[in-house]
Amino acid sequence: MTIVSMRVNGVEVSREVPDNILLAYFLREELGMTGTHVGCDTSQCGCCVVHVDGVSLKSCTTLAAQVNGCSVSTIEGLANEGVLHPIQKAFAAMHALQCGFCTPGMMMSAVDLITGHGRPLTEEDVREGMEGNLCRCTGYHNIVKAIITASHEMHAGAGDAQAA
Amino acid sequence: MNDRLLKTTNPGGSPLINERLFKSIGKPLQRKEDQRLITGKGRFTDDFSMADQTWAWMVRSPYPHARIVHIDKTAALAMPGVLAVLTGADCMQDGLNAIQHSPVPSTQYDVKLRGPGDTPVFTGQHYLLPVDKARFVGEAIAMVVAETRDQASAAAEAVEVQYEELPWVFDSREAAKPDAPRVWEDIPGNVLVDATFGDIEGTEKAFAAAAHVVTFKSHVGRVTGVGLEPRAALGHYDADGDAYTLYAGSGGAVRQKRELADVLGVDQKKIRVLSFDVGGNFGTRNRLYVEAGLVLWSSKKVGRPVKFRAERSESFLTDYQGRDLVTDVSLAIDRDGKFLAMRAHNLSNVGSVLVSLSPLGKGSGLITGSYDIPLATLRAQAVFTNTMATQAYRSSGRPEVTFAIERLIDRAALQIGMDRVELRRRNLVKPDQMPYMNAVGSTYDSGEYEINMDALLELGDFAGAEARRAEAQSRGKLLGIGFCNYVESSIGTPKERVDLIVHADSVEVVIGTQPAGQGHETSFAQVAADVLNVPFEQVFIIMGDTDVVSAGGGTHSGRSMRHASTIIVLAAEELVMQGRKIAAHVFDVAVDQLAYDDGVFRCLYDNRAWTWFELAAKAAAAKLPPELAAGLRVRFDNEMHTPVFPNGSCMCEIEIDPETGSLEIKRYATIDDVGRCINPLIVHGQAHGAIAQGVGQAMWEGCHIDPATGQPLVGSLMDYGMPRFDNLPSFKNEIAEVLSPTNPFGVKAGGEGGTTGALAVIMSAVEDALLPICGVIEMEMPATPLKVWTAIQEGRKRQREKSPARTDARPEVTA
Ligand code: FES
Ligand code: FES
């Protein structure tokens, strides 16, 4: 057993857990935060993506102990005091989810992709950049639309910054 | 990204259906379910936990076929945390029954599938754990329950099962041979269904007289659903109430409850099943899994809740799988390109035990596709093999037969030298032939096939395809243009129940369907809102808990929107009657002094008028006579048997690099007649996902088995080719609303059409691209780059042998 401490969505948590517990299960089973999903055992599907210190990461392939002392954000922390994040709004508006199982990881990956580009995304950016996430329901069509839309909202006015 | 609607006529129906007043129906409203799903508040099975819960792990057979000689639990029981090790012998000792899957489709509209020599169909016995032998790799042979999941998994390694390996068979053609290894000793061979339909003599005569006979053979391979949520089940036996509770996502909790009661030998009232958010179904979760029964049974034995969660690798081995049909079809055609008759022989691989004949049955009724073929005969066979059982998988049976007829027609066009669109045009069923009974007895309800086909050709810019082909050629690429029509059928369980309840501020609709992303909470609310003329925001759909939902047929076979819209309007008619009586009582007038119009109850001789919600508030406050005491609430049961036939057309373009065999989909367009479209946002989403699943089968997916060992070669997302962001294009889809005359709203179905045509249209494009080099190709799906590259090499070799000066000229076709 080992003591693992981290900040999850801005809240300090600390638990004594088995040494080999994965971050995904630390969140789901120790903290009861079941919004982060596990869809595979080979690090392929991306249902488990969270942000660690602002960068997306597959929590199914990360030991909780590896992120000791880090700041973790999950789907539960994406909306800001009840105000939906642009990616959440776009997913709902464009019907970018059906069963919703891939959705948390999908949105967490998308936010990192959009932030990392510093400009609105093209279809090619999205299809290449989201390659690590799988969805079985949507055929990706509406997810691509939603991520592009959110990228425009998140980078509104960023055109100038990019030109500079 | 062209999401436009094509409108046609309205068949009318109930007085409560007033198109003029529709505020929600037909609108692309955002889904109600999304709020929880985008904020991490979904309720998937593994999200539930119980105090003091324990964990289950299955010991699975490593062999495709083996006698279970002995199971030694001693070492496993001594491992830390282990509470129980259970086997098939323990199931027998406790008198557990085999699962009753009701696998033979039985409505009057289903083709009658029978055993060899017109005998009843033998199904095998699907016990929770087998006693005699393992019949496929991955079959659960024993179960370990321990304090933690890790402990259970470690102890499972220590369960010593002594097996005696037996000869095995996984290919249906091999299994059908008389000397094949026998999966079940109870019947003389592995063939469990052998039935012939249609006019045999007439068909033979037509073939004898035909100007052209064209044939096509293929194996539509085995795939699996890959719902992204791995299967899970949480079972609890409450000794005080002698009652069982199961959390398990499925395609319908009511069915699970009924079948579990049979397995456990207890009254249905003793079982509660809860199924909320389901992370993908596509048919795979519609039938009961052994683990659902096992967690309930073991919970009683260990006296604590028991949870099971599959690894992805277990899902690949043991989720019910799909397709696996060998088809051999031929078509008789006259001099003018008119189809005269069709012959088909379909052989379905049901796996190790019979779970469902839906794929074979559904397909059998549709072998003639969208075409007027006056005569047909079909031989339908099914065999057992040493593989995981198959079940209806998105568009059960229809993609297979659509693939057969459409590929056959492409072949015919090449063989007789006629344009493939024109050949289809000459033979499509015409609107004035509707309702149209096909040669094997299915009656198509409605459709405008030729109009759809032409609309599709425009949407996909078929006219510009040759120019795009030339442009691709200038870059050294081969562009293939695929095209097909499809018709499918939606039947499904005929019974449904609804409870319609009006409160002072909301309407509740309790219904027994079970979505896995199809958006019932939204589209059903749209219907109820417009039928009652109340705000959409105030309608709530309640599903998934058998303590609340007392009956219901679940979600499969595209049945849900049609059944739900029908039963909601029928129940609403009763609710209006109930409302008038209550209003009469509260107003203190005679019932015939009360009118109901567009959501308002009105007293005929004064100005008093109340909405549903006002009336509900008054009724709650009033003292109602006993016969009205339930308030604004009705329960309605409905049975609807008549099938509907969604249909459409698809086109795609695939660019092939002849040097590497790599394929890229450049264009994909569909037009789908779904009947009335309640929510186009959702229906388009269904089309996209359905296309991806069909394209997946045609290009990447396959549950391959090693022919040398019988071992499945696919156990993870690293070995199973999935549709991904970077291998699919954006689609062009249109909805055609040719309303069905069979139900009040004219609904057909929108969830499966995308898959139905996809196999055919992809392979049509691949063949078309390779035509100048290879001629017609015998390529089984998936069309991988290796297969394509190999076909190109062989084609070029043949060309060099024939004439050293190679030409890539395309064969001439005439209209
Ligand atoms: S759970 Fe599949 S990648 Fe993490
Ligand atoms: S919405 Fe179901 S897996 Fe993506």
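Note on naming: letters A, B, ... go to the chains in the order of the sequence lines (proteins, then strands), and numbering restarts at 1 for each one. Because the structure is a prediction, the values reported are computed rather than measured. For the numbers below, each heavy atom of this structure counts, side chains included, while hydrogens, waters and symmetry mates do not.
Side-chain N or O atoms of A:Arg136 include one that pairs as donor or acceptor with a backbone N or O of B:Gly225 at under 3.5 Å. Checking side-chain atoms of B:Glu229 against main-chain N and O of A:Phe101 turns up no donor-acceptor pair under 3.5 Å. For the pair B:Arg31 (side chain) and A:Gln98 (backbone), a donor-acceptor distance under 3.5 Å is present. At least one donor-acceptor pair closer than 3.5 Å links the side chain of A:Tyr140 to the backbone N or O of B:Pro723.
Heavy atoms closer than 4.5 Å to chain B are found in the side chain of A:Met106, but not in its backbone. When heavy atoms are compared at a cutoff of 4.5 Å, B:Ser49 does not approach chain A at all. At a 4.5 Å heavy-atom cutoff, the contact between A:Leu84 and chain B is made by side-chain atoms alone. If you measure heavy-atom distances from B:Asp46 to chain A, the contacts under 4.5 Å come from both the backbone and the side chain. Residue A:Asn20 touches chain B through its side chain alone, counting heavy-atom pairs closer than 4.5 Å.
Using the six-membered ring where Trp is involved, B:His688 and A:His141 have ring planes that are parallel, under 30° apart on the 30 and 60° scheme.
Ranked by heavy-atom pairs shorter than 4.5 Å toward chain B, the options A:Gly132, A:Ala79, A:Pro104, A:Ala93 are led by A:Ala93. Among A:Glu76, A:Met94, A:Met130, the residue making the largest number of heavy-atom pairs under 4.5 Å with chain B is A:Met130. Per-residue counts of heavy-atom pairs under 4.5 Å with chain B were compared for A:Ala92, A:Cys102, A:Cys135; the largest is that of A:Ala92. Annotation: maximal heavy-atom pairing with chain A below 4.5 Å, among B:Gly42, B:Pro28, B:Gly279, B:Ala692, occurs at B:Gly279. The candidate with the highest count of non-hydrogen atom pairs below 4.5 Å against chain A, out of B:Asp47, B:Leu728, B:Leu29, B:Asp34, is B:Asp47. Top candidate by heavy-atom pairs under 4.5 Å with chain A, chosen from B:Leu228, B:Val695, B:Asn727, B:Leu37, is B:Leu228. When the candidates B:Gln35, B:Met718, B:Gln518 are compared by the number of heavy-atom contacts under 4.5 Å with chain A, B:Met718 comes out ahead. Ranked by heavy-atom pairs under 4.5 Å with chain A, the list B:Arg394, B:Met722, B:Arg36 is led by B:Met722. Annotation: maximal heavy-atom pairing with chain B below 4.5 Å, among A:Leu78, A:Ile75, A:Val126, A:Ile143, occurs at A:Ile75. Contact count versus chain A (heavy atoms, under 4.5 Å) is highest, among B:Val278, B:Ile691, B:Ile682, for B:Ile682.
Remark: A:Glu128 CD is loosely packed, at most 12 non-hydrogen atoms of other residues, nucleotides or ligands lying under 6.0 Å away.
Along residues 34-68 of chain A, the residues that come nearer than 4.5 angstrom to chain B, judged on non-hydrogen atoms, are A:Thr34, A:Gly35, A:His37, A:Val38, A:Gly39, A:Cys40, A:Asp41, A:Thr42, A:Gln44, A:Cys45, A:Cys47 in order of number. Contacts of residues 21-30 of chain A with chain B at a heavy-atom distance below 4.5 Å involve A:Tyr25, A:Arg28, A:Glu29, listed in sequence order.
When all heavy atoms of A:Glu123 and B:Ser730 are compared, the closest pair comes out as OE2-OG, 3.0 Å. Of all heavy-atom pairs spanning B:Phe731 and A:Gly139, the tightest one is CE1-O, 3.8 Å.
A:His95 NE2 to B:Leu681 CG: the interatomic distance, rounded to the nearest 0.5 Å, is 5.5 Å.
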